[in-house]
Amino acid sequence: MPACITTPIYYVNDRPHIGHAYTTTVCDVWARAMRLRGEDVFFLTGTDEHGVKVEKSAAAKGVTPQALADENAAEFQRVLKVFGLSNDDFIRTTEPRHEKQVQAFVKRLLESGSVYLGTFEGWYDEGQEEYYTETKAKELDYKSPISGRPLARATEQNYYFRLSAFQQRLEQFFASNPGFVQPTARQNEVLGRLREGLQDVPITRTNFTWGIPFPGDEKHVIYVWIDALFNYVTALGYGDRDGAFTGDLFARRGKYWPAQYHVIGKEILWFHAVIWPALLMALELPMPRRIHAHSFWIADGQKMSKSMGNFVDLPTIEGYFAKYGLDAWRWYMATQGPLQASDADFRAQHFHDTYTSELVNVVGNCPSRVTAMVGKYFEGKMPADAQQGGEWPARCSAAADAWAKAIDELDLVAAAQAPMGLLREVDAFINRTEPFKVAKDPSRAAELASILAQCAETVRIAGVMLEPFLPAKMAELRTALSGEADAALPASQRLQWGRLAPGTPLAKCALFPRV
RNA sequence: GGCCCCGUAGCUCAGCGGCCUAGAGCAGUCGACUCAUAAUCGAUAAGACCUCGGUUCGAAUCCGAGCGGGGCUACCA
């Protein structure tokens, strides 16, 4: 079955930082694992480019909003390349393909009665051209925080999405799809808020122009969040269906919806878990399968903030690349990150300890000692195993099952654990069977061959499972094991016992240098 | 104000439809070994399971209150 995974689209008013890197890396590991399994995967990311903030930043810089968006979108795309991320498309909300489809969706919502023209009333800051909520206005003592002038009571005509009409259907949907929102703590938040009742939400703005024009009433632009959410289906051509467009994109990509996973940060949960499903219901499109809302990285025990100076920004990240390598960064993101309900602490010492104890001492050292012995005792050629693997084929197959199951659940920690466990078992096996002693007794040559063949084959299989996490380093390992051609084969074949034929050249390798 | 989550070894966390004489990884200590990137393997030490009270034959696990941390959301117009 075709599978689709998405990151949120990143707001171009921001600079790439650890948050973007994390979400995208999580998706990348999953996408690579699924492709390795031979699944037909579509991995989508992109940029969110409209809205008043972009308009203002552009004005401040004296450029057009489009020019600013172009510049920053290019930066995000550059960063994806630097990170070696394997997304299949990069959608920008200012692209015609997106804008046209969003208009088609909104038109359909209007025609079906899910969108109506209503009046919005609130406290308006004329200098800032912004509305404040009642609470916020009161906090500000009804004065502009910038100019100090009193806020005005203003009204505005806006188009509203009839979110309140979907209360029951959403409740039913959540009831019949337990686990739709993950982790559970996040789902509870959504359910709690849902219980309080839903109000209709304005989906257009008239106080600025940098957005997609509302079809048929062009002094309104579509609110940036509504615009942005639709990227998940416009990238697949779903708006084409309304007839005015060619269905070419849809013909190629329509199969990828519904998305298996929308991976997001917890701050944008409400839009994804409630508003987005309601929009899809209104349009009679299928629901995504799962929303996974991860938590945040903090740094050295503190919330990251620019003023604290503990923000893990791009230059900081690139410093880690330089010192430990890209794969080590991916490993830390994927295995130590805040994928579940609690925040994760980013600490240089912890990064270093993880690198050493897991990558250097296990993933690097285990293949190193195995290939070294094959080099020393068998002239670098895979020995023949008269025992057909002994207990190892069963162990490997159990690990492969655990790995696949973990990938299905987006449990990256468990998915990494499976091959790591195998390597640790190989280490223990070597200490127990002492091939380096067996090698001293010529009459035990067959035994030695079996031990090392079993180790080498297990290392190869563990390496396959580690590829989604450590693509570059595992490619190195593959090369050392003369398995370059394997890269194209699906995991079902590559995880089978016995692909390393006797006589295959195995080169000594040292994958992760001690730092 | 309402709702929700968390508080377990030095660190990060698992266990939480009661029996745990409380576990894992990392860090520590001791030992083994030498094929390997001073790596690996084994053993070992370490905890009022936040506090108090309750239920129970029995509670880290259930209930109540409190303290501490976090989240969502509202409001005293």
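Reminder, nothing fancy here: chain letters follow the sequence lines and each chain counts from 1.
Using atom C1' as the reference point in both B:A9 and B:A60, the two lie 14 Å apart (nearest Å). Nucleotides B:G15 and B:G7 have their P atoms positioned 10 Å apart, rounded to a whole Å. To the nearest whole angstrom, the two C1' atoms, one in B:U44 and one in B:G71, are 41 Å apart. B:A45 and B:A59: their C1' atoms are spaced 27 Å apart (whole Å). Comparing the C1' positions of B:C13 and B:G47 gives a spacing of 14 Å, expressed to the nearest Å. Taking the P atoms as reference points, B:G10 lies 16 Å from B:U29, given to the whole Å. Annotation: B:A14 and B:A77 have their P atoms spaced 43 Å apart (nearest Å).
Between the CD atom of A:E358 and the C1' atom of B:A27 there is a distance of 13 Å, rounded to whole Å. For A:D300 and B:U12, the CG to P distance is 13 Å, given to the nearest whole Å. One interatomic measurement links the two molecules: CZ of A:R369 to C1' of B:U37, which rounds to 11 Å at whole-angstrom precision. Taking atom CG of residue A:D427 and atom P of nucleotide B:G25, one finds them 14 Å apart after rounding to whole Å.
The residue A:A510 sits close to a base: some heavy atom pair falls under 4.0 Å. Across all strands shown, A:A428 has heavy atoms under 4.0 Å from sugar-phosphate atoms exclusively, and none from any base. Nucleic acid contact for A:R432: none, since no nucleic acid atom lies under 4.0 Å from a heavy atom of the residue. A:N361 comes within 4.0 angstrom of the backbone, heavy atoms only, and of no base. Contact annotation for A:F512: base contact, defined as any heavy-atom pair under 4.0 Å involving a base atom.
Between the side chain of A:N431 and the base of B:U40, a donor-acceptor pair under 3.5 Å is found.
A side-chain contact (heavy atoms from CB on, under 4.5 Å) with A:V224 is found for exactly one of A:R205, A:K53, A:H50, namely A:H50.
Within residues 438-472 of chain A, no residue has any heavy atom closer than 4.0 Å to RNA chain B.
When each of A:P513 and A:K266 is assigned the nucleotide of RNA chain B bearing its nearest heavy atom, the one mapping closer to the 5' terminus is A:P513.
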